[in-house]
Amino acid sequence: MIESTIVENTAKAINELYDAEVKIQDIGLQKTRKEFNGDFTIVVFPFIRYSKKTPQKTAEEIGDFIVSHDEIVEKYNVIKGFLNLTLKDKFWKKFFLDNKNNSAFGFTKHFDGKPYVIEYSSPNTNKPLHLGHIRNNLLGFSLAQVLTANGKKVEKVNLLNDRGIHICKSMLAWEMWGNNETPDSTGIKGDHLIGKYYVMFEKRNNEVVNKLVQRGLAQEEAEKESPLLLEAQRLLKKWENKDAKIVSLWKKMNAWAYEGFSDTYDRLGVSFDKFYHESDTYLIGKKLVQEGLEQGILFEKEDGSIWADLSNEGLDEKLLLRADGTSVYITQDLGTAQLRHDEYDPEQLIYVVGNEQIYHFEVLKIILKKLGRTWAGNIYHLSYGMVDLPEGRMKSREGKVVDADDLMDEMYNTAMAMTMELGKIDGFSGQEAEKLYRIVGLGALKYFILKVDPQKNMLFNPEESIDFNGNTGPFIQYTYARIQSVLRKAVEEFSYNPAGLINIDFSFIQKERDILRIIYEYPAIVQQAGETLSPALVANYVYDLVKEYNQFYHDFSILREEDHNTSIFRIELSVFTGMVIKSAMGLLGIEMPERM
RNA sequence: GGUCCCGUAGUUCAAUUGGAUAGAACGUCAGAUUCCGGUUCUGAAGGUUGGGGGUUCGAGUCCCUUCGGGAUCACCA
């Protein structure tokens with residue numbers, strides 16, 4: 001690595017020139033910013049206390065030393081306290097020739113160590129997926145790709161929240177008012193059908209509560225005493241007691257939900273290695289709670305409910321089992337974590353879950369630690385912010401959720417309309433055209449969401465996302481398709497042979513170097529995205545690359561360049577660029593069209 | 001009220017994890033190109049990084065304080 005050589009030489013320079021020891025990690029090496037000349041930059045401010053000279057003078061002395069000791073460094077310049085080093089062309093040539101045909105460029109090959117388990121999606125089975133789930137799914141899937149690219153062993157897991165009061169509500173509503181409707185009988189997608197009954201329950205329950213309030217009950221009291229809710233709670237209790245009739249209804253309705261989810265996942269292009277069911281893991285959680293109770297780590301209240309006292313941690317008491325013995329959300333999460341630890345012994349257990357559950361995961365970790373699970377420290381909650389729409393906050397209670405399937409339909413239709421108007425898809429079969437609409441529509445959606453730092457709340461603007469200009473998925477796809485078009489023409493027009501450019505003579509102009517420099521960064525970007533668990537870094541990187549390439553494409557000819565060797569080089573540089581674009585977008589789960 | 005997160009151009013987002021004159025995109029205005037694919041590219045305008053202190057060679061980034069927005073503190077998940 002040239003970087004480490006430069007850093008070592010810098011340390012050596014300081015040692016020999018100023019007789020001081022500097023730690024390697026204290027030497028700040030960064031890529032040179034665009035507006036200055038050079039490839040790498042060393043910040044010399046920290047060294048002036050050794051040199052006792054001005055930053056300018058210090059930088060010059062170190063620069064001289066490096067140039068005379070490192071045969072890859074051609075020259076340097078100093079601006080303020082910044083030492084900018086320029087590498088020789090032969091370095092970039094070698095980099096280019098070594099990597100241009102390596103489709104795994106930027107990736108670490110071997111798996112090392114324990115697996116990384118990523119939980120994402122984790123839907124409730126009582127309603128279909130919405131926009132928030134989309135961000136979750138895209139993040140989880142992309143992270144898995146990024147970690148795999150970093151040579152990690154990755155397990156993608158999905159926890160189906162298939163039990164609890166919520167699904168009982170859907171079940172109750174369906175039993176009371178469903179007239180035995182099924183996905184088949186209605187033609188409604190399974191998860192949507194269940195969602196219909198969940199909404200129906202909430203609506204009727206509200207009506208009942210309102211009536212109780214009118215009769216003089218306090219709101220809170222009315223909510224607790226609503227006969228509908230009480231009935232749902234009875235269902236939950238029956239379910240935990242394995243009442244055959246309830247269990248069979250539960251199985252039937254959950255199966256509908258799973259079919260629906262499966263369709264949505266396929267369409268979204270995400271997948272899982274393993275599914276966990278809360279209905280299995282809550283029992284393990286109960287066992288853990290029992291264990292903690294026996295060891296005196298947890299305590300029981302008079303009504304029989306079981307709690308954890310977290311006051312030493314500055315938190316409240318936390319309920320773990322209700323008085324009636326049924327378990328709550330965190331109970332099953334304790335069990336799920338234990339199960340995963342037993343099965344994978346993971347290096348890291350990553351949960352992709354919205355930031356409204358930060359407290360939940362904090363509590364989860366504390367309780368596990370109290371129970372003696374030292375591996376609780378490997379739990380990492382990747383929390384992400386809300387997704388808003390231009391129309392304003394979506395609020396599920398107001399029924400204003402943006403349904404995942406509907407949104408994908410909308411993106412698909414917009415992609416189709418735009419392609420009809422602008423596309424060069426003559427000769428596409430119906431199937432090919434449909435595939436293209438899917439790729440472009442989804443690419444727009446995915447890119448727009450993933451380019452934002454996960455932690456932040458964001459605004460999804462469907463119109464802007466699918467714009468063919470600007471920092472969007474389709475713009476990147478377009479650039480890629482255009483490169484492929486150039487390549488096709490190159491093969492047709494002067495029978496370009498992709499094995500070409502091995503020993504031919506070629507030299508760079510500045511713009512070509514600029515592109516190479518950005519490509520050179522790719523491996524570091526992949527690594528950084530893995531370390532910080534942020535696909536957004538990859539998204540923003542690929543846009544920078546595309547922008548640089550488009551400037552080049554605009555200003556210089558590729559196929560019409562008179563010098564044949566230059567022409568060949570530019571074709572190959574374009575192909576290399578295309579390869580990295582495709583690779584980076586692949587990490588985001590976004591496909592590239594050959595034509596669009 | 002306690003805890004946590006977020007405040008960056010009109011808007012949506014960046015900023016190499018403490019480094020140079022805080023950058024892109026959309027929109028606006030002016031121009032070049034109209035040729036390998038819709039165009040693409042260049043330039044202009046737009047900022048007291050919510051405000052105020054502090055830490056040091058250096059702060060959007062770290063600390064304190066204050067204001068604004070959000071989340072959470074459920075026998076919902």
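Convention: sequence-line order gives letters A, B, ...; per-chain numbering from 1.
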*Under 4.0 Å between a side-chain N/O of A:Lys489 and OP1 or OP2 of B:G37, yes or no?*
yes
_Between B:C73 (P) and A:Tyr329 (OH): distance, integer Å_ = 12 Å
*Would you kindly check whether a donor in the side chain of A:Asp324 faces an acceptor in the base of B:C75, or vice versa, at under 3.5 angstrom?*
no
*Which part of the nucleic acid does A:Tyr543 contact within heavy-atom distance under 4.0 Å: base, sugar-phosphate only, or nothing?*
sugar-phosphate
*Measure the distance from CD on A:Gln332 to P on B:C75 and round it to the nearest whole Å.*
16 Å
*d(CG, A:Leu364; P, B:A77) in whole Å*: 15 Å
*asked:* Can you say whether a donor on the side chain of A:Thr472 sits under 3.5 Å from an acceptor on the base of B:A25, or the other way round?
replied: no
_Closest to side chain of A:Ile79, choosing from B:U40, B:A20, B:U17_ = B:A20
*Is it the case that more than 12 heavy atoms not belonging to A:Lys301 sit under 6.0 Å from its NZ atom?*
yes
*Measure the distance from CZ on A:Phe82 to P on B:A20 and round it to the nearest whole Å.*
6 Å
*asked:* Please give the distance between the P atoms of B:A25 and B:A45 as a whole number of Å.
replied: 15 Å
_Using a 4.0 Å heavy-atom cut-off, does A:Phe36 contact any base of the nucleic acid, only the sugar-phosphate backbone, or nothing at all?_
base
*Just checking, is any N or O donor in the side chain of A:Asn254 or A:Asp162 under 3.5 Å from an acceptor N or O on the other one?*
no
_Euclidean distance for P, B:C26 against B:G7 (whole angstrom)_ = 24 Å
*Near-ring test A:Phe261/A:His133, centroid separation under 6.0 angstrom*: no
_Judged by each residue's nearest nucleotide on RNA chain B, which is more toward the 5′ side, A:Pro46 or A:Asp162?_
A:Pro46
*Would you confirm whether A:Asp316, through its side chain, and A:Ser311, through its main-chain N or O, come within 3.5 Å as a donor-acceptor pair?*
no
*asked:* Expressed as a whole number of angstroms, how long is the span from A:Asp388:CG to B:G69:C1'?
replied: 12 Å
*Heavy atoms, side chains only, cut-off 4.5 Å: are A:His564 and A:Phe569 in contact?*
no
*asked:* What is the separation between atom CZ on A:Phe552 and atom C1' on B:C41, rounded to the nearest whole Å?
replied: 14 Å
*Mark yes or no: A:Arg595 above the aromatic ring of A:Phe428, with NZ or CZ under 6.0 Å from the six-membered ring centre and no more than 45 degrees from the axis.*
no
*asked:* Using only modelled atom types and a 3.5 angstrom limit, is any donor from either the side chain of A:Asn84 or the base of B:A20 paired with an acceptor on the other?
replied: yes
*Can a side chain N or O of A:Gln551 be found less than 4.0 Å away from OP1 or OP2 on B:U42?*
yes
_Pair assignment for B:G18, Watson-Crick or G-U wobble, requiring both distances under 3.5 Å_ = none
*asked:* The side chain of A:His554 is closest to which nucleotide in this list: B:G37, B:C41, B:C76?
replied: B:C41
*asked:* Within the supplied structure, the quantity of interest is the number of heavy atoms (other residues, nucleotides, ligands) at a distance under 6.0 Å from A:Asn37 CG; does it exceed 12?
replied: no
_Say we look at B:C5 and B:U61: how far apart would their P atoms be, to the nearest angstrom?_
15 Å
*With rounding to whole Å, what would you report as the distance between B:C57 and B:G31 at their C1' atoms?*
43 Å
_Mind checking if A:Ser122 touches a base, just sugar-phosphate, or nothing, with heavy atoms under 4.0 Å?_
nothing
*Where the side chain of A:Gln357 is defined as all heavy atoms beyond and including C-beta, which of B:C36, B:A77, B:G38 is the nearest nucleotide?*
B:A77
*Is A:Lys451 positioned over the aromatic face of A:Phe448, cation under 6.0 angstrom from the ring centre and no more than 45 degrees off axis?*
yes
_By the 4.0 Å heavy-atom rule, please label A:Asp453 as base, sugar-phosphate, or nothing._
sugar-phosphate
*asked:* Using atom C1' in both nucleotides, what's the gap between B:G58 and B:U34 to the nearest angstrom?
replied: 48 Å
*P atom, B:A22 versus B:U48: distance in rounded Å?*
12 Å
*So, do A:Phe45 and B:G58 meet the stacking rule of ring centres under 5.5 Å and planes under 30°?*
no
_Can you check the distance between B:A59 and B:U21, where both ends of the measurement are the C1' atom (answer in whole Å)?_
16 Å
*Would you check if the side chain of A:Thr472 reaches a backbone N or O of A:Asp467 as a donor-acceptor pair within less than 3.5 Å?*
yes
*Considering residues at least two apart in sequence or located in another chain, which fulfil the salt bridge (charged side-chain N to carboxylate O under 4.0 Å, His left out) criterion with A:Glu512?*
A:Arg570
_With a cut-off of less than 4.0 Å, is there a side-chain N or O of A:Arg163 near OP1 or OP2 of B:C76?_
no
*Side chain of A:Lys80 (C-beta onward), nearest among B:A77, B:U40, B:A20*: B:A20
*On a whole-Å scale, what distance lies between the C1' atoms belonging to B:A9 and B:C4?*
29 Å
*Among the candidates B:G37, B:A20, B:A77, find the nucleotide nearest to the side-chain atoms of A:Thr41.*
B:A20
Only pairs under 3.5 Å count here: list side-chain donor-acceptor contacts from residues 356-365 of chain A, not counting sequence neighbours, and write none if there are none.
unit_1, atom_1, unit_2, atom_2, d
A:Gln357, OE1, A:Tyr329, OH, 2.7
A:His360, NE2, A:Asp333, OD2, 2.8

*Over how many whole Å does the gap from A:Glu531 atom CD to B:U16 atom C1' extend?*
13 Å
*A:Tyr359 side chain: which of B:A20, B:C73, B:C36 is closest?*
B:C73
_Sugar-phosphate only, base, or nothing, as touched by A:Lys34 at under 4.0 Å among non-hydrogen atoms_ = nothing
*A:Val328 side chain: which of B:A74, B:C75, B:U39 is closest?*
B:C75
*asked:* So A:Arg488, base contact, sugar-phosphate only, or nothing? Heavy-atom distance under 4.0 Å.
replied: base
_Within the 4.0 Å heavy-atom criterion, would you say A:Ala524 contacts the bases, only the backbone, or no part of the nucleic acid?_
nothing
*Whole-Å distance separating the CD1 atom of A:Ile42 from the C1' atom of B:G18*: 18 Å
*asked:* Treating primed atoms plus P, OP1 and OP2 as sugar-phosphate and everything else as base, which nucleotides of nucleotides 5-12 of chain B get B, S or - for protein heavy atoms under 4.0 Å?
replied: SSS----S
*Is A:Gln528 touching bases, backbone alone, or none of the nucleic acid, heavy atoms closer than 4.0 Å?*
base
*Closest nucleotide of RNA chain B for A:Pro454 versus for A:His360: which of these residues is on the 5' side?*
A:Pro454
